[in-house]
Amino acid sequence: MKKRLEAFLNSALTALKTRGELSAEIEISVQVERARDPRHGDFATNLAMALAKAARAHPRQIAEKIIAALPEDPAIVKVEIAGPGFINFFIDSEAQFSIIRDIHAAGREFGRSTVGAGQAVQVEFVSANPTGPLHVGHGRGAAYGAVVANLLAAVGFNVHREYYVNDAGRQMDILAASVWLRYLEECGETVVFPSNGYRGEYVRTIAWGLRKREGEKFRCPAAEVMADLPPDEPQGGDKEAHIDALVAKTKTLLGPEGYRTVFDAGLDSILDDIQQDLEEFGVRYDEWFSERGLTETQAVKRALAKLKEAGYLYEQDGAVWFASSRLGDEKDRVVVRENGQMTYFASDIAYHMNKLERGFDRIVNIWGADHHGYIARIKAAIEALGGDPAKLSVLLVQFAVLYRGEEKVQMSTRSGEFVTLRQLRNEVGKDAARFFYVMRKSDQHMEFDLKLATSRTNENPVYYVQYAHARVCSVFRQLDEKGWERSLANGMTHLGRLTEPHEAALATTLSRYPEVVEQSALQHEPHHLVHYLRELAYEFHTYYNAHQFLVEDAALRDARLNLIAAVRQVIANGLGLLDVSAPEAM
RNA sequence: GCGCUUGUAGCUCAGCCGGAUAGAGCAUCGGCCUUCUAAGCCGAGGGUCGCAGGUUCGAGUCCUGCCAAGCGCGCCA
């Protein structure tokens, strides 16, 4: 309906222009919005006011001309000018209730659309380093990314979900060294664990598995490992220098093959865990993209060569720099260090070159908000590679602060004591976790109250929405128990019997669903969908309390049953996009 | 110090490209179960939209300054 009105207004504008009543040069995008106040009808547009300046006329006069030029439509019962120049539209109630037919006809497809026109969009999210289990911060990115991807797919984009696996680089080397030290402990050696190593319990588990599989073939005397290492921080040294030396020593003592085995033991184990964790959280990927693969296929070298060719690389102080400041970044960035090693950024340039080469129309990166300073350099890199930086959207996700009631849950990565995503799921369940994560705008800090998410009271919005779905199911069970027949067709022919204000309100809200899905998708803001579902559930509950559905009058009963079946369908569809279950009984 | 983000009811948050009297949940107070599930509903109170200017028919929304909070400013990832 909204789109129909927009089309009508546009045709009215062209009519006025061809008749010379409006300057042909005036360009304006027509906006129709839902009226907030029922007295303002069902839809309203500020078009006349927006035109007033350019047309040099009073808004109300313009409004009159527009209305006169509008095509006839039986669904529009009244058009009026109000306030400073709003045009308000009143829609025929018969037409309002026909949404019930649409919902029934479309079923699970209702709300889906084709605005995306099959454009290929890549959504990269989570991409946490495989150096440990996912924590609750990653969980928010996972829920948000998964829902954004679902929404984009629902409105007709061809979505490719991807996880970038940082399986190369210094952090992974530190993990490998940590695994080896724990392995040596398993073998009975006494080592001093570095302050900068990975201290989590999972590292011991990996080491235990390694020893079980491989025996003691990687065993070295602890004294040999620790010999000639620069002192660690507790001994008054530099922890970074200490760990780097330890990594180097690990590589030397194990040799390339042994090192690879230990390294992969860590990587494979943690990656398996992450994959399983996300799977259980309802997050599925089309591709797990390996950073190591970029180096192995020479993609990093190729990307740097391309930048060099374009004249964006230069050498200084023994390092190679990318002149990103020429493309909007604050300063230039190093891509090859003095010691000849590529920086993480170099891999990332190659990764984005790869994304461009795969021909995506749009690229969506979902990052933790602490990476916001990184956006400018990636956009610069895309531009320098000859791509269009506007294709890339970077969506930032703020970390969630955990509470248990009033009490803040302390988290510390350093000590290895953090709340993992798995712990969260075990405590509050998948449905509540997903719902809570996307309930708030993603780039805002959020407070995640574990107590609230598990509570079985009206404080909990997850149950509120699910309960509405279950209640409809319950009504249909009651219908069967009474042995009454239901006729879908009879209900459709008697939609005119739905005369209660609650029913009209429900029909209006139901008809908004496709708009909400489209808006949530295009703006990458799933919280709109969550708020909508809560509102729909509210309108259903209030209707449920005010009126009896299972009445003797079959025409009225069937009409009402069709209405609540439509509500059930839309709730199921909406929760489906969030990947939250829609239970039939609670 | 510079940059990005944020500041809306006691708390947690919405507010669609600037639009009509700023909304919701929770909390508080008062009501509703012999009737399709009370994980529900009905009602009440609660606001200087951080502060000060500016832009215009109109500002919570845009611009400037200030205050406060978070994050970022490595040849780390």
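Naming convention: chains lettered A, B, ... in sequence-line order (proteins, then strands); numbering from 1 in each chain. As a basis for the values below, the full set of heavy atoms in this structure was taken, side chains included, without hydrogen atoms, waters or symmetry mates.
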Exercise. Between H531(A) and A14(B), do the rings stack, that is, sit under 5.5 Å apart with planes less than 30° off each other?
Worked result: no

- Please check the phosphate of G15(B) (OP1 and OP2 only) for any side-chain N or O of H527(A) closer than 4.0 Å. yes

The Watson-Crick or G-U wobble partner of C62(B), with both key distances under 3.5 Å, is G54(B)

By the Watson-Crick or G-U definition, both distances under 3.5 Å, C73(B) is matched with G1(B)

Winner on side-chain proximity to Y538(A), out of G15(B), A39(B), C42(B), is C42(B)

Exercise for the section: Could you tell me if the ring centre of H135(A) sits under 6.0 Å from that of H138(A)? Expected result: yes

Please give the distance between the C1' atoms of C26(B) and G19(B) as a whole number of Å. 30 Å

- [ ] Using the C1' atom on both, measure U8(B) against A68(B) and round to a whole Å.
- [x] 16 Å

With the side chain defined as heavy atoms from C-beta on, N129(A) is closest, among A77(B), A38(B), U12(B), to A77(B)

Here the distance between atom P of G74(B) and atom CD of Q171(A), to the nearest Å, is 17 Å

Under 4.0 Å, heavy atoms only, any strand: does E338(A) hit a base, just the sugar-phosphate, or nothing?
base

H528(A) NE2 to C13(B) P, in whole Å, measures 16 Å

Among the nucleotides C36(B), A14(B), G40(B), whichever has the atom closest to the side chain of K441(A) is A14(B)

Exercise for review: Have a look at H547(A) and say if it touches a base, only the backbone sugar-phosphate, or nothing, with a 4.0 Å heavy-atom cut-off.
Suggested key: base

Polar contact flag, side-chain donor to acceptor under 3.5 angstrom, E291(A)-S347(A)
yes

inquiry  = Check this for me: does the side-chain of N88(A) come within 3.5 Å of the base of A20(B) through a donor and an acceptor?
reply    = yes

Of the candidates C36(B), A14(B), C16(B), the side chain of R440(A) sits closest to A14(B)

Taking the inter-plane angle between the rings of H371(A) and Y374(A) on a 0 to 90° scale, is it parallel (under 30°), tilted (30 to 60°) or perpendicular (over 60°)? perpendicular

Quick note, V475(A) side chain, CB onward, closest among C16(B), C36(B), C75(B) is C36(B)

Partner of U48(B) under the Watson-Crick or G-U wobble criteria, both distances under 3.5 Å, comes out as none

Please tell me whether Y437(A) and Y144(A) form a close aromatic pair, meaning their ring centres lie under 6.0 Å apart.
no

| query | If you look at every strand shown and take non-hydrogen atoms under 4.0 Å, does A585(A) touch a base, only sugar-phosphate, or nothing? | reply | base

When rounded to whole Å, the CG to P distance for the pair L304(A) and C75(B) reads 16 Å

Has the side chain of H372(A) got a donor or acceptor that lies under 3.5 Å from a partner of the other kind on the base of C71(B)?
yes

Ranking D37(A) and R477(A) by the position along RNA chain B of their nearest nucleotide, the one closer to 5' is D37(A)

State whether the side chain of D232(A) and the backbone N or O of H242(A) hold a donor-acceptor pair below 3.5 Å, judged by distance alone. no

Checking N1-N3 plus N6-O4 or O6-N4 for Watson-Crick, or N1-O2 and O6-N3 for wobble, each under 3.5 Å, the partner of C41(B) is G31(B)

Does R471(A) qualify as a cation-pi partner of Y544(A), given the criterion of NZ or CZ under 6.0 Å from the six-membered ring centre and within 45 degrees of its axis? yes

**Message:** Any base atoms under 4.0 Å from Q523(A), or only sugar-phosphate, or nothing? Heavy atoms, all strands.
**Reply:** sugar-phosphate

| Base, sugar-phosphate alone, or nothing: which one does M49(A) contact when heavy atoms must sit under 4.0 Å apart? | base

Counting any heavy atom closer than 4.0 Å, what does A52(A) reach on the DNA or RNA strands: base, sugar-phosphate only, or nothing? nothing

Under 4.0 Å from OP1 or OP2 of C42(B): is there any side-chain N or O of T542(A) that close? yes

For this session: Determine the Euclidean distance between corresponding P atoms of U64(B) and C4(B); express it in Å to zero decimal places.
Result: 10 Å

Worksheet entry | Side-chain (S290(A)) to main-chain (R292(A)) donor-acceptor, under 3.5 angstrom | yes

Base orientation of C33(B), chi within 90° of 0 counted as syn, else anti, reads syn

| request: State whether a side-chain donor-acceptor pair under 3.5 Å links Q466(A) with D431(A). | output: yes

Rounded to whole Å, the CZ-C1' distance (F436(A) to G25(B)) equals 11 Å

When all nucleic acid strands are considered with a 4.0 Å heavy-atom cut-off, which category describes N166(A): base, sugar-phosphate, or nothing? nothing

- Query: Is a side-chain N or O of S511(A) found less than 3.5 angstrom from the main chain of T508(A), in a donor-acceptor match?
  - Reply: yes

Practice problem: Using the P atoms only, state how far A22(B) lies from G50(B), rounded to an integer number of Å. | Solution: 15 Å

- prompt: With a non-hydrogen cut-off below 4.0 angstrom, is H40(A) in contact with a base, only sugar-phosphate, or nothing?
  reply: base

Report task. For U55(B) versus C13(B), give the span between their C1' atoms, rounded off to a whole number of Å. Result -> 30 Å

Note to self: OP1 or OP2 of C41(B) versus the side-chain N and O atoms of Y464(A): is any pair under 4.0 Å?
What the structure shows: yes

Considering only heavy side-chain atoms of R170(A), the closest of A77(B), C75(B), G74(B) is A77(B)

Using a cut-off of 4.0 Å on non-hydrogen atoms, how would the nucleic acid contact of A369(A) be classed: base, sugar-phosphate, or nothing?
sugar-phosphate

Of the listed A20(B), A38(B), C73(B), the closest approach to the R471(A) side chain comes from A38(B)

Whichever of S474(A) and H371(A) has the more 5' nearest nucleotide on RNA chain B, that residue is S474(A)

Classify Q548(A) by what it touches in the nucleic acid, base, sugar-phosphate, or nothing, heavy-atom distance under 4.0 Å.
base

task = Could you tell me whether the side-chain ring of F86(A) sits stacked on the base of G19(B), using a centroid cut-off under 5.5 Å and a plane angle under 30°?
result = no

For this session: Check every strand shown and say whether R333(A) touches a base, only sugar-phosphate, or nothing at a heavy-atom separation below 4.0 Å.
Result: nothing

Expressed in whole Å, how much space separates the C1' atoms belonging to G47(B) and G60(B)? 12 Å

Partner of G7(B) under the Watson-Crick or G-U wobble criteria, both distances under 3.5 Å, comes out as C67(B)

Distance between the P atoms of U56(B) and C63(B), in whole angstroms? 16 Å

Using a 4.0 Å heavy-atom cut-off, does F476(A) contact any base of the nucleic acid, only the sugar-phosphate backbone, or nothing at all?
nothing

Do the rings of F549(A) and F540(A) sit parallel, tilted or perpendicular, given the 30° and 60° boundaries?
-> tilted

Testing U35(B), C75(B), G15(B) for proximity to the side chain of A319(A), the answer is C75(B)

Per atom distances to the D370(A) side chain, the nearest of C71(B), A20(B), A77(B) is C71(B)

Assigned chi class of C67(B) under the 90° convention is anti

With rounding to whole Å, what would you report as the distance between G15(B) and C2(B) at their C1' atoms?
-> 32 Å

Check: Base, sugar-phosphate alone, or nothing: which one does A35(A) contact when heavy atoms must sit under 4.0 Å apart?
Finding: nothing

Testing C75(B), G15(B), G74(B) for proximity to the side chain of K331(A), the answer is G74(B)

